[in-house]
Amino acid sequence: MIKKEKYLQKLLPQKFYQRDTVTVAKELLGQLLFHFDGINLTLGRIVETEAYLGEGDAASHSFRGVTPRCRTMFARAGKAYIYQIYGVHHCFNITTELPEIGSAVLIRALEPLEGVELMQRRRGRYNLRDLCSGPAKLVQALGIKKEHDGLSLAEGVIGVSRHGLSVGEVIYTTTRVGITKAADLPLRFYIKDNQYVSKK
DNA sequence: GATTGGATCGCCT
DNA sequence: GGCGATCCAATCG
């Protein structure tokens with residue numbers, strides 16, 4: 001189980017994230033998100049993302065400036081921003097742009113690829129399509145915790161490894177899921193016809 | 001100090 | 001398709 005090394009070799013550099021949030025959200029599609037918990041590696045291919053902007057986006061936690069919850073959104077690009085939602089779940093984001101811009105990309109769905117058995121145990125679900133087809137589902141499947149908030153993806157504990165889109169795969173753009181403010185902005189991106197996205 | 005509601009999920013009908 | 005779980009950040013007074 002030395003699989004970890006081959007993914008670390010292709011770790012996306014910090015500069016990948018320190019760019020326009022919409023660009024990062026689109027270019028994360030097809031890449032490989034992993035978590036190494038010290039013993040086991042779980043990994044999936046990113047098939048759905050959403051951009052949360054640092055300016056003019058009322059749905060973004062950063063809309064009214066720095067608060068205790070969203071302070072990580074104002075950290076350097078390429079860090080994990082993890083928050084609790086509905087009292088019971090957690091969501092995983094990656095910070096983008098320059099630190100003064102409170103922006104991030106929400107990872108909404110993965111195609112499970114490595115450590116599938118462990119994901120199934122963590123989820124208590126066995127159908128592959130039920131493992132990572134939602135932001136809180138993939139956090140649970142990968143074993144990501146709120147303690148990882150602020151962690152740099154350059155550490156290689158949680159990280160994204162390069163792996164582009166396949167030939168013929170097309171990116172679809174829609175409005176974001178589950179928000180009421182700024183609900184009309186086209187900031188959700190997913191791989192068209194992919195069976196692992198959270199919603200069509 | 002109190003109230004409100006949320007970047008969700010899974011079970012129920 | 002509807003709704004309860006369950007907590008705390010954000011907002012208001």
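Chain letters run A, B, ... following the sequence lines, proteins first, then strands; residues in each count from 1. Values reported hereafter were calculated over all heavy atoms of this structure, with side chains retained and with hydrogens, waters and symmetry mates removed.
Spacing of P atoms, B/dA2 relative to C/dT6, comes out at 23 Å, to the nearest Å. Taking the P atom of each, C/dT11 and B/dA7 are spaced 12 Å apart, rounded to whole Å.
As a whole-Å value, the separation of A/R123 CZ from B/dT8 P is 14 Å. Regarding A/F63, its CZ atom lies at a distance of 14 Å from the P atom of C/dA10, rounded to whole Å. Distance A/K146 NZ to C/dC7 P: 11 Å, rounded to the nearest Å. In this structure, the NE2 atom of A/H89 is 15 Å from the C1' atom of B/dG5, given to the nearest Å. Rounded to whole Å, the distance from OH on A/Y81 to P on C/dA9 is 11 Å. If you take CG of A/L131 and C1' of B/dC9, they are 14 Å apart, rounded to a whole angstrom. Rounded to whole Å, the distance from NZ on A/K199 to P on C/dG1 is 11 Å. We find that CD1 of A/I85 is positioned 4 Å from P of B/dA7, with the value rounded to whole Å.
Under the 4.0 Å criterion applied to side-chain N and carboxylate O atoms, A/E48 and A/K137 are not assigned as salt-bridge partners.
As judged by a 4.0 angstrom heavy-atom cut-off over every strand, A/R71 is placed among residues making no nucleic acid contact. A/R69 comes within 4.0 angstrom of the backbone, heavy atoms only, and of no base. Heavy atoms of A/Q84 sit under 4.0 angstrom from primed sugar atoms or phosphate atoms, though from no base atom. Using a 4.0 Å heavy-atom criterion, one finds that A/L106 contacts the bases of the nucleic acid, with or without backbone contacts as well. Here A/R188 lies out of heavy-atom contact (under 4.0 Å) with every strand. Residue contacts for A/A136: at a heavy-atom cut-off of 4.0 Å it reaches the sugar-phosphate backbone alone, with no base atom in range.
Remark: the A/Y83 side chain and the B/dA7 base include a donor-acceptor N/O pair separated by less than 3.5 Å.
Under the Watson-Crick or G-U wobble criterion, with both distances below 3.5 Å, C/dC12 is paired with B/dG1. Using N1 to N3 plus N6-O4 or O6-N4 for Watson-Crick, or N1-O2 and O6-N3 for G-U wobble, each under 3.5 Å, B/dG6 pairs with C/dC7.
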Please list, one pair per line, the donor and acceptor atoms closer than 3.5 Å that link side chains of residues 67-83 of chain A to other protein atoms, with sequence neighbours excluded.
from: A/T67; atom 1: OG1; to: A/C70; atom 2: N; distance (Å): 3.4
from: A/R71; atom 1: NH1; to: A/P68; atom 2: O; distance (Å): 2.6
from: A/T72; atom 1: OG1; to: A/D149; atom 2: OD1; distance (Å): 3.3
from: A/T72; atom 1: OG1; to: A/D149; atom 2: OD2; distance (Å): 3.0
from: A/R76; atom 1: NH2; to: A/Q14; atom 2: OE1; distance (Å): 3.3
from: A/Y81; atom 1: OH; to: A/H61; atom 2: ND1; distance (Å): 2.7

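Grouping the Ile, Leu, Val, Met, Phe, Trp and Tyr side chains by contacts below 4.5 angstrom, directly or via other members, places A/L32 apart from A/V116.
Residue A/R64 places at least one side-chain N or O closer than 4.0 Å to OP1 or OP2 of C/dT11. Taking 4.0 angstrom as the limit, A/H61 places a side-chain polar atom (N or O) nearer than this to OP1 or OP2 of B/dA7. A/K137 has a side-chain polar atom (N or O) that falls below the 4.0 Å cut-off from OP1 or OP2 of B/dG10. In terms of phosphate contacts, A/T180 brings a side-chain nitrogen or oxygen within less than 4.0 Å of OP1 or OP2 of B/dG6.
Geometrically, A/R45 does not engage A/Y196 in a cation-pi contact, judged by NZ or CZ lying under 6.0 Å from the ring centre and within 45° of the ring axis.
Each of A/F92 and A/R125 has a nearest nucleotide on DNA chain B; the 5'-most of these lies closest to A/F92.
Atom CG in A/L12 sits 10.5 Å away from atom CG in A/L33 (nearest 0.5 Å).
Side-chain N or O atoms of A/T96 include none that pairs as donor or acceptor with a backbone N or O of A/T21 at under 3.5 Å.
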